Protein chains: 2
Amino acid sequence: MDEASAQVRILDAAERLCQTRGFNGFSFRDLAEIVGIRSASVHYHFPTKADLGKALITRYRRNMETLLEDMERKERTASGRIKRFAGMLREIVRDENRMCLCGILAAESGAISAEMRAELRRFFEYCERWLARQLEAGRDQGEIAFRGAAGVAAAAMLSTLEGAMMTSRLFGSDKPLRDATQWMMAQFAAA
Amino acid sequence: MDEASAQVRILDAAERLCQTRGFNGFSFRDLAEIVGIRSASVHYHFPTKADLGKALITRYRRNMETLLEDMERKERTASGRIKRFAGMLREIVRDENRMCLCGILAAESGAISAEMRAELRRFFEYCERWLARQLEAGRDQGEIAFRGAAGVAAAAMLSTLEGAMMTSRLFGSDKPLRDATQWMMAQFAAA
DNA sequence: GACAACCTATCAACTGATAGATATACTTCT
DNA sequence: AGAAGTATATCTATCAGTTGATAGGTTGTC
């Protein structure tokens, strides 16, 4: 038996399916089949699909927050931390050609609930703030160079990575994402 | 009455709906209702949804090719042409918060047919080649500066723009895309 | 009379969602 | 300790609505 609770296993299955097929690309029955229960039991844990979607994003964001905060302690240089962040995204693409959960949901943002959208925004805002913090720290250390506001650069960075994930997925290779990461790091390299 | 043929009006409606809700976010009946015919008639023009999707991408790509080739004649500087390209994307976001058709389909690429995916790749390859050509022309003129292969820079550029479109859409504002465009142009500005 | 472009009518499959029964485990009371 | 009650998590069965798709009839034009 799987040790994890049904709730967790439902979220795991939903996350993977959403990352590969999009939010409208899987059903409660798909989840039920994977988890090994009936679709009514999935509804017991997440009454509506919007509830499930919201829980999905919240968990994804919290997990990302934990990972990034851990990284802030463990990785010494700012550019190292940013590279590791990009590496996390690369792992997602590598594993079954998945897309960032929030990236695919942002693309589908016209087809999801307002609550899901609000939660999504929080994810992007958090990532941007984190990246901006790394950029500023790197600039203070003379390790990273850039002109203009750190926030704008961080947003552009995130856009580049999310966009490159999409392309990588489409071409079934992590090369576009690797290239984009390298190009981007070069933009921020101190002269 | 609308002058355009039913086929064109179906594609117009499908394009808009796909850009806002994704490929799984609209039905043959949605299209029929907008165009003012019955869903069976939509199937007459496009037997399956994959057929429709493929036609959608092909038309979008051909249209983009025409626009970009025209632009190559009309706009004198390379940076001007690239800015105009970004401006085209901005217009899409501004108009009902739409997303680039091929961007949203790339995000959903796990949920579409192999034929659609192949057609999608052609779109991205074309855009990348076009951007790379502009970058090289700009560098020759001393108007644009960058290190490394033009192809890699062009791919990164396209990723940045597509990613920023996603973010703009999510936040319901074209500011992220505007900021990303400006940041990107600054990266390529000749010193 | 042939063809293109539409129509009506219908299909089986799938969708998200609900009502209500059942089983199991933990409290609480005698 | 044992009975009774309660909460949680699952089940079966079913719903109405939507989906992509098809068969076959109708209309209008060259």
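Since this is a predicted model, take the numbers as computed values, not measurements. Convention: sequence-line order gives letters A, B, ...; per-chain numbering from 1.
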Do the ring planes of B:Phe28 and B:His43 sit parallel (below 30°), tilted (30 to 60°) or perpendicular (above 60°)? parallel

Verify the neighbour count for atom CD of A:Gln7: are there more than 12 heavy atoms of other residues, nucleotides or ligands below 6.0 Å? yes

Heavy-atom closest contact (A:Thr167 atom, B:Glu128 atom, distance): CG2-OE2, 4.4 Å

Under-4.0 Å salt bridge between B:Arg16 and B:Asp30: no

Counted 5' to 3', the first and last nucleotides of DNA chain D within 4.0 Å (strictly under) of a heavy-atom of chain A are D:dT8 to D:dT14

Please tabulate the protein-to-nucleotide N/O contacts below 3.5 Å involving nucleotides 4-8 of chain C, giving atom names and distances.
from: C:dA5; atom 1: OP2; to: B:Tyr44; atom 2: OH; distance (Å): 3.1
from: C:dC6; atom 1: OP2; to: B:His45; atom 2: NE2; distance (Å): 2.7
from: C:dC7; atom 1: OP2; to: B:Arg38; atom 2: N; distance (Å): 2.7
from: C:dC7; atom 1: OP2; to: B:Ser41; atom 2: OG; distance (Å): 2.5
from: C:dT8; atom 1: OP2; to: B:Arg38; atom 2: NE; distance (Å): 3.0
from: C:dT8; atom 1: OP2; to: B:Arg38; atom 2: NH2; distance (Å): 3.4

Does A:Arg139 qualify as a cation-pi partner of A:Phe146, given the criterion of NZ or CZ under 6.0 Å from the six-membered ring centre and within 45 degrees of its axis? yes

Within the 4.0 Å heavy-atom criterion, would you say A:Phe26 contacts the bases, only the backbone, or no part of the nucleic acid? sugar-phosphate

Is atom CD of A:Glu115 surrounded by more than 12 heavy atoms (other residues, nucleotides or ligands) closer than 6.0 Å? no

Applying side-chain hydrogen bond (donor to acceptor under 3.5 Å, both in side chains), run through A:Gln134 and A:Glu72 and close with a yes or a no. CA-CA 9 Å; A:Gln134 309 317 313; A:Glu72 232 160 349; 3.0 Å; yes

Interatomic distance where CG belongs to B:Asn24 and C1' belongs to C:dG16 [whole Å]: 15 Å

Looking at every non-hydrogen atom in both residues, tell me the closest pair between B:Cys100 and B:Glu162 and how far apart they are. SG-OE2, 3.2 Å

DNA chain D contacts made by residues 11-21 of chain A, counting heavy atoms under 4.0 Å: none

Got a salt bridge between B:Lys54 and B:Asp51, using NZ or NE/NH1/NH2 to carboxylate O under 4.0 Å? no

Show the nearest heavy-atom pair for residues B:Leu101 and B:Gln19, with the distance to one decimal. N-NE2, 3.6 Å

